[in-house]
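Just below is one structure, and these are the notes that go with it.
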2 protein chains.
Amino acid sequence: MPRQRQTRQRIAIENVFDHEPRPLGPAEVLDLAQEEVPKLGIATVYRALNDMVEEKLLRVVELPGQPARYEKSGLHHHHHFHCLQCDKVFDLEGCLLKSNLNLPEGFKVTGHDITLSGSCPACAPDSDES
Amino acid sequence: MPRQRQTRQRIAIENVFDHEPRPLGPAEVLDLAQEEVPKLGIATVYRALNDMVEEKLLRVVELPGQPARYEKSGLHHHHHFHCLQCDKVFDLEGCLLKSNLNLPEGFKVTGHDITLSGSCPACAPDSDES
DNA sequence: CTAATTGCAAACAGTTTGCAGGCGT
DNA sequence: ACGCCTGCAAACTGTTTGCAATTAG
């Protein structure tokens with residue numbers, strides 16, 4: 001299975017992820033990539049995104065009630081913080097899962113997902129901005 | 001804002017949640033409730049579900065890539081286990097979040113969501129079935 | 001009786017797919 | 001030149017909404 005072709009649109013899409021450090025949704029990607037390739041279509045974004053996930057270049061980040069977002073894979077194991085005010089998603093380094101899980105018998109855990117929510121520094125209600 | 005009317009369909013839908021202990025999706029709810037009210041429509045299910053969430057009778061449980069599921073609220077704080085084989089979702093008692101979170105400055109956490117995935121006892125690959 | 005609720009179908013949003021033409025290799 | 005990739009639009013799925021008829025209070 002040879003690599004996919006290096007088209008202008010594919011490159012533009014990859015660039016978007018290199019320049020934006022947070023998980024992006026298809027519409028956001030379209031928007032940003034269109035600055036480079038204006039006639040880019042949403043279908044192409046979806047195809048590229050799916051291919052890139054398949055190739056493990058991207059990881060899918062799913063948040064409750066929202067379209068899936070994508071971020072570059074190969075990052076350290078981490079979790080996400082969802083700002084309920086500005087709706088942005090941030091990466092949190094390190095694992096937030098308890099080490100001594102106490103699961104019922106018979107459950108085999110192969111993966112986990114943690115999302116914290118609240119307000120990010122920029123939106124924090126009690127910022128110490130005097 | 002008076003309580004909503006006690007219609008046959010609303011009651012049927014509430015019953016579904018009393019009888020099923022796991023998070024259910026709209027389609028599942030429709031299916032189960034139709035045993036009681038055959039001509040029940042999907043739109044009514046959605047309306048009821050949304051109303052019930054609004055009234056805090058139900059909680060929304062979102063899993064990556066799947067339609068939202070709903071479960072009765074007022075349960076103890078808990079998290080979810082998603083069996084990747086049979087696709088059912090189970091409740092896990094207790095909180096699985098690390099107690100000593102080490103977040104960057106400025107993030108205010110108001111909630112969190114944890115989903116483990118793997119195989120449930122019924123689907124476990126290495127069951128000790130000799 | 002009066003107005004909220006229902007069921008149907010049309011409207012919507014997000015995502016996928018088919019096809020003819022364009023473009024990497 | 002070959003065939004993958006793109007763009008457009010149509011198809012699909014999940015969810016919401018408009019409206020006339022039904023029914024709870």
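Scope of the values below: all heavy atoms of this structure, side chains included, with no hydrogens, waters or symmetry mates. Letters A, B, ... are given to chains in the order of the sequence lines, protein chains preceding strands, and every chain is numbered from 1.
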Nearest-Å distance for atom pair [atom1]/[atom2], residues [X] and [N]:
X: A:D31; N: C:dG14; atom1: CG; atom2: P; value: 13 Å
X: B:K39; N: D:dA21; atom1: NZ; atom2: P; value: 17 Å
X: B:Y46; N: D:dT13; atom1: OH; atom2: P; value: 13 Å
X: B:Q34; N: C:dC8; atom1: CD; atom2: C1'; value: 14 Å
X: A:R10; N: D:dT6; atom1: CZ; atom2: C1'; value: 9 Å
X: B:E55; N: C:dA4; atom1: CD; atom2: C1'; value: 14 Å
X: B:L30; N: C:dG7; atom1: CG; atom2: P; value: 10 Å
X: A:I42; N: C:dC12; atom1: CD1; atom2: P; value: 19 Å

(request) Describe the nucleic acid contact of B:L40 in one word from base, sugar-phosphate, nothing, applying a heavy-atom distance below 4.0 Å. (result)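 Counting heavy atoms under 4.0 Å across all strands, the contact made by B:L40 is with sugar-phosphate only.
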(request) Please work out if B:A68 contacts a base, only the sugar-phosphate, or nothing of the nucleic acid, heavy-atom cut-off 4.0 Å. (result)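 Here B:A68 touches the backbone only, sparing every base.
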(request) For A:D51 and for B:P26, locate the closest nucleotide of DNA chain D by heavy-atom distance; then report the residue assigned to the nucleotide nearer the 5' terminus. (result)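 With A:D51 and B:P26 compared, the 5'-side residue is A:D51.
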With a cut-off of less than 4.0 Å, is there a side-chain N or O of [X] near OP1 or OP2 of [N]?
X: B:N50; N: D:dT16; value: yes
X: B:Q6; N: C:dT5; value: no
X: B:R8; N: D:dT22; value: no
X: B:T7; N: C:dA4; value: no

(message) Membership question, hydrophobic clusters at under 4.5 Å side-chain separation (ILVMFWY): are B:F81 and A:I114 in the same one?
(response)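 Result: yes, single cluster for both.
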(request) Return yes if the base of D:dC5 and the side-chain atoms of A:R5 contain a donor-acceptor N/O pair under 3.5 Å, otherwise no. (result)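 When only heavy-atom distances are counted, A:R5 does not reach the base of D:dC5 through any donor-acceptor pair under 3.5 Å.
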(request) Could you tell me whether the side chain of B:R47 has a donor or acceptor atom within less than 3.5 Å of a complementary atom in the base of D:dG18? (result)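 Indeed, a donor on one side and an acceptor on the other fall under 3.5 Å apart.
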Just checking [X]: does its [atom1] atom have more than 12 heavy atoms from other residues, nucleotides or ligands closer to it than 6.0 angstrom?
X: A:D18; atom1: CG; answer: yes
X: B:H77; atom1: NE2; answer: yes
X: A:E54; atom1: CD; answer: no

(request) Check every atom of D:dG14, C:dT5, D:dT6 against the side chain of B:P67 and return the nucleotide holding the closest atom. (result)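 The answer is D:dG14, which lies nearest to the side chain.
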(message) Side chain of B:A43 only, heavy atoms from C-beta on: which candidate in C:dC8, D:dG7, D:dT15 is closest?
(response)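 Closest of the options to the side chain of B:A43: C:dC8.
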(request) State the NE2-CG distance between A:H78 and A:L96, to the nearest 0.5 angstrom. (result)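 Separation between the atoms: 10.5 Å.
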